[in-house]
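Note that ligands are numbered from 1 as they come in the structure, with each ligand's atoms numbered from 1 the same way.
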Amino acid sequence: MVTDWSFSVERVGGTPVTKFVYAFSEGNKDLRELLGGKGANLAEMNNIGLPVPPGFTITTEACRAYLDSGSQPAGLAEEIATHLDALESAMGRKLGEPGDPLLVSVRSGAAFSMPGMMETVLNVGLNDASVDGLSRQAGGNDRFAWDSYRRLIQMFGKTVCEVPGDEFEHALDAAKQAKGTDNDLDLDADDLRGLVDGYKKIFAKHTGREFPQDPKEQLDLAIRAVFESWNADRAVLYRRQERIPADLGTAVNVVAMVFGNLGSDSGTGVAFTRDPASGAQGVYGDYLANAQGEDVVAGIRNTVPLQELERLDKASYDDLMRIMATLEEHYKDLCDIEFTIERGKLWMLQTRVGKRTAAAAFIIAGQLVDEGVIDLDEALHRVNGAQLAQLMFPRFDLSAEPDQLAKGIGASPGAAVGKAVFDAQTAKELAADGDDVILVRRETNPDDLPGMIAAQGILTSRGGKTSHAAVVARGMGKTCVCGADSLDVDVRGRRFTVDGQTVEQGDVISVDGTTGKIYLGEVPVQPSEVVRYFEGTLDPDQTDDALVKAVHRIMSHADAKRRLAVRANSDTGTDSARARRFGAQGIGLCRTEHMFLGDRRELVERLILAQTAQEREAALADLLPLQRADFVDIFREMDGLPVTIRLIDPPLHEFLPSLEELAVHVAVAHERGEDAGRDEKLLAAVRRMHEENPMLGLRGVRLGLVIPGLFAMQVRAIVEAAVQRARDGGTPRPEIMVPLVGAVQELETVRAEAERIIADVVADGGVEVLIGTMIEVPRAALTSGQIAEAAQFFSFGTNDLTQMAWGFSRDDVEGAFFWRYLELGIFGISPFESIDRDGVGRLIRIAVDEGRAARPDLKLGVCGEHGGDPDSVHFFHEVGLDYVSCSPFRVPIARLEAGRAAVETQGSDSR
Ligand code: ADP
Ligand code: MG
Ligand code: MG
């Protein structure tokens, strides 16, 4: 380490170019980017009159300048000196002055909370001389003074000079052992004096120098260490996982010390203003008498519940309650705090708006509305679709307190139970035999894909939220815990060990992709109450489930506020009914090709193999009533609501058996001297229809233009179904959607034929049928003004649009290289998960603008997976779509986010 480091005095023309240091009185809570969260909130508390020890904050900008250049920026040294002077006058003491020392803490604090990632040093300013002065300040309390000194050497050694922390721990343990105790409070002044000697030796051994006695040097080195802790490995890793930008830097807070280790009338604690797990009102916290702040988290002694403080020190307790109420009132939210009591006087050392569980987020938002602290708009703003999604996953029932093996990173939510397996092949085999399996790997790679598909859940010991396992699992909606680094995975031996326990292949484990926890054995799974509420089996007015009530209230507000309608993607009556219960206002995408599967395949084969017009027409005529019946079902379930039906989209060879399968059948038949008959014809058809790039081949509207009668049959089935429903007293609202259009001529041709059929079937005009198109080929977006002339609606197919805008096929890229792209930051999130605003989004904007310009009443929606993605929903609101459509399960999430988008853009909304 560099020991002669000190701030330089270079600067331009005598005045600092930038202000690098802010007294607490100069900051406020809105300056968190500049002052970090801790500094901004210390300033805020100071300004609203709460008891905060005096101090100042060195900005994140100073940190960035320091990290960029490797030295402190010009002017910083003087600014620190000026603020230190002011602090010294405020306290009436000088930093480290032997007779009557001022001590300070040097604390990191970035704009985003990074718990435990960076450094803090307490008791800076103590040395061999001032330790006696400190004792005199405390009325001759030698024990306290030496305890503070040993803490300084320990924290300073560890964080500033990288002395291995356990050497100090061992020395402390040895001292306790010598005294025959396991409580550090039993060590007296002499013991601690001896410990300080021991600590100094450890320090000298590792750094090659004596513990610095100059208080200013201590301060300088500590500040530098806090700056540098921004780039410590664990901080870098944490930021990558949490997607926090790497270039923000940390602020440094220099705060006059207050002492919780002055005796039994002193202590330190942490608290929440409400329970961050359940949202229940009350006071939650821990208190530790005669201790300094770091002891509470370090767990060196057992804390007592905060309520105990009422008995120990009623006055401080009452003060604390009053302050907590003030904070909630001021921040209008749940806060967490750190405090210290020095001889009966309460000091606030930190506060922030506290993290909470998804359930608590809803409950607390509702409570704050009841208390008149926030309005419903704000409550809606405070929750989000990701939290709601968490609440909708089935949960583990932990009431039997299952054996927790380890905890990793919850990378893709859900509750998965299965036999541990260690390779993709075994996963596939066991799953084929009907077993549920969890694929356990150190990390996954594209070869593991079949195993990942077969498994209920995926567990890895390495890698973060952007690892291959995490990305692929999220893409598949599969439960995944990654980076469980306490697991020692032995793939060859088909086992993993953790904390001395071994789990062999075939042992059942339970994996919680929400919390990242891994349990031994089968943990029972519960359906979520929130889903029961959405399904209508749990009445929010009858239950006393606080969460369901809160969700109901906020959802109702979202529905009242949102401008976007929410539809569902559904191909069956059953799914449509469920979607409607979940709040869908129609079907945005009904895929007709799903009606060609199962035992209807044979009809499709007849269609493909047809040699003559008659054979083809006969096959289509047989398909027609089947399709019509499907549409009748859906129109019934969605009565009165729009149903967008997409004409057949995939290439027809997808309905045929594979080339390999047919080739084998034919070869076997020939071997036996038999006639392969139909298989032979199918094989010839498959060969004839083979495409190098089926995604870009004969599919969508192209099929309709090439195969006579195909679209006509579908249109007729739709319209006849509608007429039948209308005759039965229903109100069907069919919307016929043509896929993969790239040129208006394609649409015009299909439209002309469809209109003839509609006119023919709906002779009396009793049913209104809309005709529109998907916008999923980039050319369609770019010529949308022309296309709108022939379309009554556009529905953005964002999956294909994303594939074609980027030029990659989803099936191939997600497993093959997306993890690498995410790692490199080429994109922050998969463009299939969340809409790529700059590229694909631009195509959408063009189509919205030009489409509406050509046809002002053009209906606009989206039917790709993005319709249920929170961030994408905000984008679709912004660009002015009329609706989003998503899978039934995501309908509530889209409703919530559409409501949030509306309240967040209130006033600035042009539409
Ligand atoms: P972290 O961000 O890890 O919580 P902090 O900077 O908050 O680190 O400090 C660690 C502990 O030291 C906290 O419990 C805090 O309350 C305590 N602490 C920090 N500054 C002071 C101070 N000036 N006087 C007394 N205790 C302090
Ligand atoms: Mg803290
Ligand atoms: Mg498509």
Do any nitrogen or oxygen atoms of T268 lie less than 3.5 angstrom from nitrogen or oxygen atoms of ligand 1?
no
Ignoring water, what protein N, O or S atoms are under 2.8 Å from the Mg ion (ligand 2)?
E338 OE1, E338 OE2, Q350 OE1
Sequence neighbours left out, what pairs pass salt bridge (Lys or Arg N to Asp or Glu O under 4.0 Å) with at least one residue falling in residues 20-48?
K19-E26
Flag S108 as yes when one of its N or O atoms lies below 3.5 Å from any N or O atom of ligand 1, and as no otherwise.
no
Closest non-hydrogen atom pair between Q350 and L42, with its separation
N-CD2, 4.3 Å
Indicate, as side chain, backbone, both or neither, the part of A256 found under 4.0 angstrom from ligand 1 when only non-hydrogen atoms are considered.
backbone
Consider side chain to side chain contact (heavy atoms under 4.5 Å, CB included). Of L306, V270, V304, which one does D286 pass it with?
V270
List the atom of I364, the atom of D275, and the distance in Å for their closest heavy-atom pair.
CD1-O, 4.4 Å
Could you tell me if R151 sits above the aromatic ring of W146, with its cationic atom closer than 6.0 Å to the ring centre and no more than 45 degrees from the axis?
no
Under 6.0 Å from the CD atom of E162, do we count more than 12 heavy atoms belonging to anything else shown?
no
L122 heavy atoms within 4.0 Å reach ligand 1 at atoms 12 (O), 18 (N), 19 (C), 20 (N), 21 (C), 27 (C)
For ligand 1, is any non-hydrogen atom under 4.0 Å from K38's backbone (N, CA, C, O), its side chain (CB onward), both, or neither?
side chain
Best match, E338, E342, Q292: closest heavy atom to atom 4 (O) of ligand 1
E338
Quick one: which ligand 1 atoms are inside 4.0 Å of a heavy atom on Q350?
4 (O), 7 (O)
Is V255 touching ligand 1 with its side chain, its backbone, both, or neither, if touching means heavy atoms under 4.0 Å apart?
both
To check you understand the geometry: which heavy-atom pair defines the closest contact between L67 and F227, and what is its length?
CD2-O, 3.8 Å
Say whether T340, considering both its backbone and side-chain N or O atoms, lies within less than 3.5 Å of an N or O atom on ligand 1.
no
With a 6.0 Å cut-off on the ring centroids, do F259 and F144 count as close?
yes
What pairs with N28 under side chain to side chain donor-acceptor pair (under 3.5 Å), at least two apart in sequence or on another chain?
none
Pairs under 3.5 angstrom only: tabulate donor-acceptor contacts from the side chains of residues 90-99 to other protein residues two or more places apart or in another chain.
residue	atom	partner	partner atom	Å
R93	NE	D100	OD1	2.9
K94	NZ	E88	OE1	3.4

V258 heavy atoms, cut-off 4.0 Å: which ligand 1 atoms fall inside?
24 (N), 25 (C)
What are the two closest non-hydrogen atoms of A62 and I58, and how far apart are they?
CB-CG2, 3.7 Å
